[in-house]
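Worksheet for the structure shown next.
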Amino acid sequence: MDFRLTEDQLSIQSIARDFAQKRIAPVAAEFDRSGEFPLENIRAMGQLGLMGIEVPAEYGGAGMDSVSYALAMMEIAQADCAHSTIMSVNNTLYCNGLLQFATEEQKHKYVTPIASGEAIGAFALTEPQSGSDATAMRCRAVKQADGGFVINGKKSWITSGPVAKYILLFAMTEPDKHARGVTAFIIDTGRKGFLRGKTEPKLGIRASATCEIEFEDYRVSAADVIGEEGHGFKIAMGVLDAGRIGIASQAVGLARAAYEATLEYARERKAFGQSIGSFQMIQAKIADMKCKLEAAYWLTLRAAFAKQQAARNGGRFSTEAAVAKLTASEAAMWITHQAVQVHGGMGYSKEMPLERYFRDAKITEIYEGTSEIQRLVIARNETGLR
Ligand code: CAA
């Protein structure tokens, strides 16, 4: 077993770290306060290849592997979770889905502008009444005589929804067939019948714009179907397996930011005549933080590696992705919580980034499958029972 990173992996890690520390970290608190979408930074990230890391160069991406993607996500998330959310949805939920299931023509048309960062992509599965129970979706796509579809319905919690040019949408084409009646479509948000709702006011990742979207007699042609009709649910689940590695990476980056801030504070802050880091209760927290962080990091890279192997040899990596996401998101929540505690009043103040890390961490336990869904996926796969 060789744990060393390749030259390419070290290179993208260094490019992402440099951009994150120079361009994102100094403005992260301000974007969190205003909730403004960081368009200029996202465009610049696109120019560096960070918005389509695994996308081959012929479709506008950096053509790198899944471990490279995970490493770059960690660096961006360490500076700001909101930037990494936009990056993650663009890379995995949108580009990765189309790369796997779209035709050549669809890839050139719909992946290239998004992977290059020229425009933003989004993914629409969740609805107001269907989150974890994804097959309970009501958004309907009704087939027309010419082979096209007319779409009606709502989707909610759409990351980058307010700014996305294209959206990978999942809608029911044959409701009686439940999971086998879902079809994937590409949506051009500039077309008639596409409406955006209000931007959600959120606890964390405030600069990653999220909104409800609605379809009113929105027409798509047969050329806008992604993959086979009725295969949409499997496409969504496969795409989410990859997406969960992105969220695990995000959680690792965020946890690392909180951990490093805590180490520094524990060395510098004095109480009772000594650095607080010399007290056993603080030392125990630091040791537990370090263990959880290391476990999350390595499980995330293992999941990314499993995805690479699956791309070569076939098969799924659902368990590895769910194990990584569950471990990393719960580590991020615990580590940011402890980091606030070690910082005391300063952890609770907006003068320091700790309270933002704490707020941002929560979403990693919720989106792209809650912790409960990750446990369900792992246990089902392990036991073979349902
Ligand atoms: N890959 C490929 N196919 C898969 C799959 C996977 N990972 N998981 C399931 N399938 C297939 C099954 O094999 C089955 O196929 P057959 O019909 O041929 O047998 C079909 O899909 C249905 O599977 P299940 O019976 O297991 O489906 P279920 O209704 O029991 O649901 C679930 C399974 C795991 C609970 C699933 O609904 C799920 O993951 N829910 C969570 C949804 C989620 O993560 N939402 C997040 C939204 S995205 C987001 O957060 C937005 C953002 O912007 C960041």
Side-chain angles (χ1 to χ4, degrees), residues 73 77 81-82 84-94 96-97 100-101 120-137 139 155-164 167-170 172 174 176-184 199-200 202 204-205 208-213 227-228 230-251 303 306-307 310 314-323 325-326 329 360 362-381 383-386:
M73 270 292 294
C81 218
S84 68
T85 297
I86 302 159
M87 174 177 166
S88 144
V89 169
N90 214 77
N91 272 273
T92 27
L93 296 192
Y94 182 87
N96 178 72
Q100 279 187 70
F101 302 101
I120 313 284
F123 174 92
L125 177 69
T126 303
E127 297 185 5
Q129 79 302 327
S130 107
S132 292
D133 185 6
T135 56
M137 71 176 72
C139 184
K155 292 281 169 182
S156 51
W157 294 107
I158 308 307
T159 299
S160 300
V163 291
I167 299 180
L168 179 57
L169 170 82
F170 300 89
M172 268 294 174
E174 291 187 83
D176 298 346
K177 294 190 176 171
H178 306 286
R180 293 180 181 186
V182 176
T183 300
T199 300
E200 297 289 347
K202 304 191 297 286
I205 55 162
S208 76
T210 312
C211 72
E212 193 167 86
I213 57 174
E228 285 177 48
H231 282 222
F233 191 72
K234 287 186 186 179
I235 294 176
M237 291 299 109
V239 169
L240 279 169
D241 282 343
R244 288 166 186 168
I245 300 173
I247 303 307
S249 312
Q250 173 179 59
K307 177 171 176 281
R316 278 169 41 181
F317 52 92
S318 314
T319 304
E320 288 90 341
V323 166
K325 184 189 184 270
L326 179 63
S329 59
D360 285 350
K362 187 62 207 167
I363 192 61
T364 66
E365 294 183 318
I366 297 174
Y367 60 14
E368 301 203 24
T370 60
S371 294
E372 289 74 11
I373 289 296
Q374 306 313 318
R375 288 189 163 88
L376 176 148
V377 168
I378 296 163
R380 276 185 180 180
N381 290 348
T383 62
L385 300 171
R386 301 194 29 99

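Whatever order the structure lists ligands and atoms in, that order sets their numbers, starting from 1.
Residues Asn90 and Gly121 come closest through the heavy atom pair OD1-N, 3.0 Å. For the residue pair Leu326 and Arg375, the shortest heavy atom distance occurs at CD1-NH1, 3.5 Å.
The nearest non-hydrogen atom to atom 39 (O) of ligand 1, considering only Gln374, Arg244, Arg380, comes from Arg244. By heavy-atom distance, the residue among Arg386, Lys177, Met237 lying nearest atom 6 (C) of ligand 1 is Met237.
Under 4.0 Å from ligand 1, heavy atoms of Thr159 appear from its side chain as well as its backbone. Residue contacts with ligand 1 for Glu372 are absent, since no atom lies close enough (heavy atoms, distance under 4.0 Å). Only side-chain heavy atoms of Ser318 come within less than 4.0 Å of ligand 1; its backbone N, CA, C and O stay farther off.
For atom 52 (C) of ligand 1, the nearest protein heavy atom is under 4.0 Å away. There is no protein heavy atom less than 4.0 angstrom from atom 12 (C) of ligand 1.
The single protein non-hydrogen atom nearest to atom 23 (O) of ligand 1 is Phe233 CE2, 3.9 Å, given as residue, atom name and distance. Distance from atom 37 (O) of ligand 1 to its nearest protein heavy atom, with residue and atom name: Ser132 O, 3.3 Å. Scanning all protein heavy atoms for the shortest distance to atom 50 (O) of ligand 1 gives Glu368 N, 2.7 Å. Of the protein's heavy atoms, Arg180 NH2, 3.3 Å lies nearest to atom 16 (P) of ligand 1. Nearest protein heavy-atom contact of atom 4 (C) of ligand 1 is Arg316 NH1, 3.6 Å. Scanning the protein heavy atoms around atom 14 (C) of ligand 1, the nearest turns out to be Lys234 CE, 4.4 Å. Of all protein heavy atoms, the one closest to atom 34 (C) of ligand 1 is Val377 CG2, 3.8 Å. With respect to atom 29 (O) of ligand 1, the closest heavy atom belonging to the protein is Thr135 OG1, 3.9 Å.
Residues passing the ring-ring contact (aromatic ring centres under 6.0 Å, His included) test with Phe123 are Phe170, sequence neighbours excluded.
Residues Leu93 and Leu240 are in side-chain contact: their nearest non-hydrogen atoms beyond the backbone lie under 4.5 Å apart. A heavy-atom distance below 4.5 Å is not found between the side chains of Lys325 and Val377. The shortest side-chain heavy-atom distance between Gln250 and Ile247 falls under the 4.5 Å cut-off.
Remark: the backbone N or O of Ala321 is not paired with any side-chain donor or acceptor of Lys307 at under 3.5 angstrom. The backbone N or O of Met87 sits less than 3.5 Å from a side-chain atom of Asn91, completing a donor-acceptor pair.
Under the 3.5 Å distance criterion, with hydrogens and angles disregarded, no donor-acceptor pair is assigned to the side chains of Thr159 and Tyr367.
Pairs passing the side chain to side chain donor-acceptor pair (under 3.5 Å) check and including a residue from residues 232-246, sequence neighbours excluded, read Asp241-Ser318.
Set against the non-hydrogen atoms of Leu240, the atoms of ligand 1 under 4.0 Å away are 43 (C), 44 (O), 48 (S). For ligand 1, the atoms closer than 4.0 angstrom to any heavy atom of Thr126 are 47 (C).
Among Thr370, Ile366, Leu376, Thr126, the one residue that satisfies the side-chain contact (heavy atoms from CB on, under 4.5 Å) test with Ser132 is Thr370.
For ligand 1, one of its N or O atoms has an N or O atom of Gly369 under 3.5 Å away.
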